[in-house]
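Okay, structure first, notes after.
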Amino acid sequence: GAEGSTLMSYFSKNQIQALKPKVTFSTLKDLQCPVLQSNELQGKPDESCSTEELFEWLGAVLNQVSLDNKSSSFLSTYCCPQPNTMVEKAFLCTITGFIIPEKIIQLLEQLCCYFVEPKLAYWLTLTVHGFADSPVSWRENEHGFHKGGENLYNFVIFRNLDYWLQMAVGTNDDCPP
């Protein structure tokens with residue numbers, strides 16, 4: 001209606017434009033991956049890794065940290081938690097931009113469809129990381145973006161369609177209900 005045309009003229013007059021999310025794809029070769037069991041959140045020695053170990057490993061992979069445990073800068077080293085398995089190829093898709101919740105649900109549903117036909121993968125993940133200054137708030141507390149702004153969640157979906165939901169918020173934020 002008339003409001004829409006007024007709004008559009010405001011955007012065009014002020015040189016504001018809509019941006020599409022940036023999508024990048026990469027293949028990670030010979031990647032050590034933690035062994036996970038959907039019914040073992042705490043992990044079991046010599047059988048499976050815990051949710052915390054996976055979350056830490058996933059952060060290292062997403063930030064392209066070397067997993068070879070060799071010290072080159074002498075700041076720190078990291079290696080994949082035990083037990084682990086070598087994966088010949090892992091596919092990483094990163095979408096950067098503002099994505100509405102409906103699109104995230106759509107992505108999650110598409111990922112679940114991945115297991116309809118027999119696949120070699122035992123699990124896959126979908127991580128959603130909010131902007132540090134996004135207006136995220138749980139309960140009655142203001143989002144503490146001045147202290148770090150962490151707000152993310154991660155789905156780990158297993159072949160049998162069980163899943164883990166991991167959530168992280170800043171130190172000044174309450175956990176989601």
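Just so you know, these numbers come straight off a predicted model, no measurement behind them.
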Shared hydrophobic cluster for [X] and [Y] (ILVMFWY, side-chain gaps under 4.5 Å):
X: Leu124; Y: Leu165; value: yes
X: Leu152; Y: Phe98; value: no
X: Phe155; Y: Ile105; value: no
X: Phe91; Y: Val128; value: yes

Give every donor-acceptor pair under 3.5 Å between a side-chain atom in residues 56-63 and any protein atom, sequence neighbours left out.
unit_1: Trp57; atom_1: NE1; unit_2: Gln32; atom_2: O; d: 3.0
unit_1: Asn63; atom_1: ND2; unit_2: Gly59; atom_2: O; d: 2.8

Checklist entry - Under 6.0 Å from the CZ atom of Phe115, do we count more than 12 heavy atoms belonging to anything else shown? => result yes
Next on the checklist: Tell me whether Asp30 at atom CG has more than 12 heavy atoms from other residues, nucleotides or ligands lying less than 6.0 Å away.
Outcome noted: yes
Could you report the tightest heavy-atom contact between [X] and [Y], atom names first, then the distance?
X: Ser48; Y: Pro83; value: N-CG, 3.6 Å
X: Phe25; Y: Cys93; value: CE2-SG, 3.5 Å
X: Ile104; Y: Leu126; value: O-CD2, 4.1 Å
X: Val35; Y: Glu47; value: CG1-O, 3.4 Å
X: Cys33; Y: Trp123; value: CB-CZ2, 4.3 Å
X: Gln82; Y: Cys49; value: O-SG, 3.5 Å

From [atom1] ([X]) to [atom2] ([Y]), nearest 0.5 Å:
X: Met167; Y: Asn154; atom1: CE; atom2: CG; value: 11.0 Å
X: Leu107; Y: Cys112; atom1: CG; atom2: SG; value: 11.0 Å
X: Thr96; Y: Leu19; atom1: OG1; atom2: CG; value: 12.5 Å
X: Glu53; Y: Leu36; atom1: CD; atom2: CG; value: 9.5 Å

Next on the checklist: Show, in sequence, the C-alpha distance, side-chain angles and deciding distance for Lys103 and Ile95, and conclude whether the side-chain contact (heavy atoms from CB on, under 4.5 Å) test is met.
Outcome noted: CA-CA 11 Å; Lys103 290 292 183 188; Ile95 304 171; over 6 Å; no
